[in-house]
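Note sheet for the following structure.
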There are 2 protein chains.
Amino acid sequence: MTPREPVERLSVDAVADAVRADILRGTIAVGEALRQETLAQRFGVSHIPVREALRQLAAEGLVSIRPNRGAVVASLSPDEATELLEIRCTLETQLVRWALPQADADIHARAAASLDLSERTADVDRWMEHNWTFHSTLYERAGRPRMVSMIRTLNNQIDRFIRVLLSRSDYRYRAQEEHRAILAAYRLGNEVAVCSLLGQHLLDTSKQLAAVIEQGNAGLPPGGR
Amino acid sequence: MTPREPVERLSVDAVADAVRADILRGTIAVGEALRQETLAQRFGVSHIPVREALRQLAAEGLVSIRPNRGAVVASLSPDEATELLEIRCTLETQLVRWALPQADADIHARAAASLDLSERTADVDRWMEHNWTFHSTLYERAGRPRMVSMIRTLNNQIDRFIRVLLSRSDYRYRAQEEHRAILAAYRLGNEVAVCSLLGQHLLDTSKQLAAVIEQGNAGLPPGGR
DNA sequence: CTGGGTCACATCATATACAAAGTGCACCGT
DNA sequence: ACGGTGCACTTTGTATATGATGTGACCCAG
């Protein structure tokens with residue numbers, strides 16, 4: 001009667017989850033090869049589930065599969081990064097418009113809490129986590145689960161590079177400032193201000209991100225994709 | 001020197017493309033089982049590429065895989081359909097805002113041409129095709145290829161149901177009217193009007209679509225997903 | 001040296017065969 | 001009629017073999 005145990009999922013999913021986590025954390029560098037045999041051994045499965053997992057990750061934009069040459073951790077051009085953030089911006093502002101009228105004290109408190117937590121932690125992983133919680137709390141009340149999960153997928157594609165941003169610039173400080181401004185306007189229910197600030201925040205992020213990627217690629221041989 | 005031949009793609013992609021086409025055309029009905037062995041025989045391959053192709057299609061939202069029970073053509077709840085069209089609406093209106101200032105006589109002419117073509121054809125497949133051309137021409141000049149392909153993927157998930165809509169209601173007539181109004185405002189460069197009309201058009205579509213799906217599901221046993 | 005060609009090796013892509021596990025259904029005895 | 005049992009079918013995964021493809025080292029000619 002109790003909802004059954006997680007049922008020991010398919011090994012394809014287990015492999016996909018593990019590799020996805022590695023990619024998101026930056027454990028595997030951009031452009032690094034993902035050899036089927038190696039992954040199969042690491043996870044104690046044959047290469048068949050590995051192939052399927054890689055294809056899954058390719059669909060999520062995290063790896064790129066080059067026929068007959070194997071899979072590598074996907075790179076991201078400055079153009080792509082910019083466009084991904086534009087999409088995110090478009091969707092997020094719309095979500096906030098829907099959510100704002102429904103926002104209550106609970107939402108305000110939780111958004112503020114994740115902001116505080118992100119301020120206090122030194123750990124990059126934690127910061128990313130709290131950052132996501134902050135953003136997603138803002139539009140939780142919009143009740144658009146698929147839209148949120150779509151934004152989540154978009155985010156996964158850029159998180160690795162945001163991570164670089166965090167270590168190389170004052171991005172974190174500026175983001176924090178911008179988040180506070182967004183939350184202030186959000187509390188007041190000022191839709192125009194929230195959307196404008198949020199848009200500015202993501203535009204700002206996109207600019208810095210494109211710069212970091214450009215600069216990062218400068219050190220690599222061309223044709224990295 | 002000449003751009004090399006299509007290179008006879010991987011059989012995984014061949015299978016995925018063929019099955020995708022079948023699903024989009026409605027050749028395979030919603031909820032119908034996609035048995036690995038059957039597909040393998042039809043395409044003259046083993047079950048391994050078939051599995052990968054199915055997983056690929058699952059990532060695109062066209063089939064749903066139930067662990068240990070196989071793959072079926074994905075269904076769509078009214079809620080999901082509505083949300084998908086909301087996403088599309090959000091992205092399309094933004095794209096049109098970017099594209100409108102760049103639109104020239106060529107764009108106007110091509111949009112009008114696809115509208116005319118869609119008016120004249122009796123074939124449903126053709127209508128769908130011209131419909132897509134019309135929409136995508138409107139924001140071609142936005143120069144956001146990834147955003148467009150994202151919309152394309154969203155569309156693939158709902159096209160099968162639009163098809164039903166076409167055969168069961170006056171949707172086609174209304175859509176044509178709405179398209180003409182959109183194009184008129186577009187020619188004038190009236191951003192506000194275009195976005196408003198486009199939003200209305202997609203909202204209208206979403207309403208009718210949700211109704212059709214609801215009604216369609218009424219005839220099916222529950223728990224179809 | 002240097003450019004080009006060749007060859008061996010690593011890896012991928014797919015096939016085949018088979019084992020294990022889950023689902024659903026039919027059958028059977030009560 | 002009804003609840004349990006077992007079987008058949010399917011999916012999932014492994015093991016292994018084979019062909020195809022790309023990579024890089026090596027060698028030879030100029």
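Scope of the values below: all heavy atoms of this structure, side chains included, with no hydrogens, waters or symmetry mates.
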First of Asn68(A) and Gly70(B) reached from the 5' end of DNA chain D, by closest nucleotide:
Gly70(B)
Here's a test of your reading of the structure: between Pro67(A) and Pro49(A), which maps to the more 5' nucleotide of DNA chain D?
Pro49(A)
Tell me whether the count of non-hydrogen atoms from other residues, nucleotides or ligands lying under 6.0 Å of CZ in Arg168(B) goes above 12.
yes
Selection from [options] that lies nearest to any side-chain heavy atom of [X]:
X: Val45(B); options: dA15(C), dT14(D), dT12(D); result: dA15(C)
X: Ser46(A); options: dT12(D), dT14(D), dA15(C); result: dT14(D)
X: Arg35(B); options: dA13(C), dT10(D), dA15(C); result: dT10(D)

Name the residue from Arg97(A), Arg146(A), Arg144(A) that meets the salt bridge (charged side-chain N to carboxylate O under 4.0 Å, His left out) definition with Glu86(B).
Arg144(A)
Between [X] and [N], does any side-chain N or O lie under 4.0 Å from OP1 or OP2?
X: Arg69(B); N: dT10(D); answer: no
X: Arg51(A); N: dA13(C); answer: yes
X: Ser11(B); N: dT14(C); answer: yes

Measure the distance from CZ on Phe43(B) to P on dA13(C) and round it to the nearest whole Å.
20 Å
Glu37(A) has an atom CD; how far is it from atom P of dC9(C), in whole Å?
18 Å
Base, sugar-phosphate alone, or nothing: which one does Gln36(A) contact when heavy atoms must sit under 4.0 Å apart?
sugar-phosphate
Assess whether one donor atom and one acceptor atom, taken from the side chain of His47(A) and the base of dT11(C), lie less than 3.5 Å apart.
no
side-chain hydrogen bond (donor to acceptor under 3.5 Å, both in side chains) test vs Glu140(A) passes for just one of Gln102(A), His135(A), Arg110(A), namely Arg110(A)
To the closest 0.5 Å, what do you measure between CD (Gln208(A)) and CG (Asp170(A))?
6.0 Å
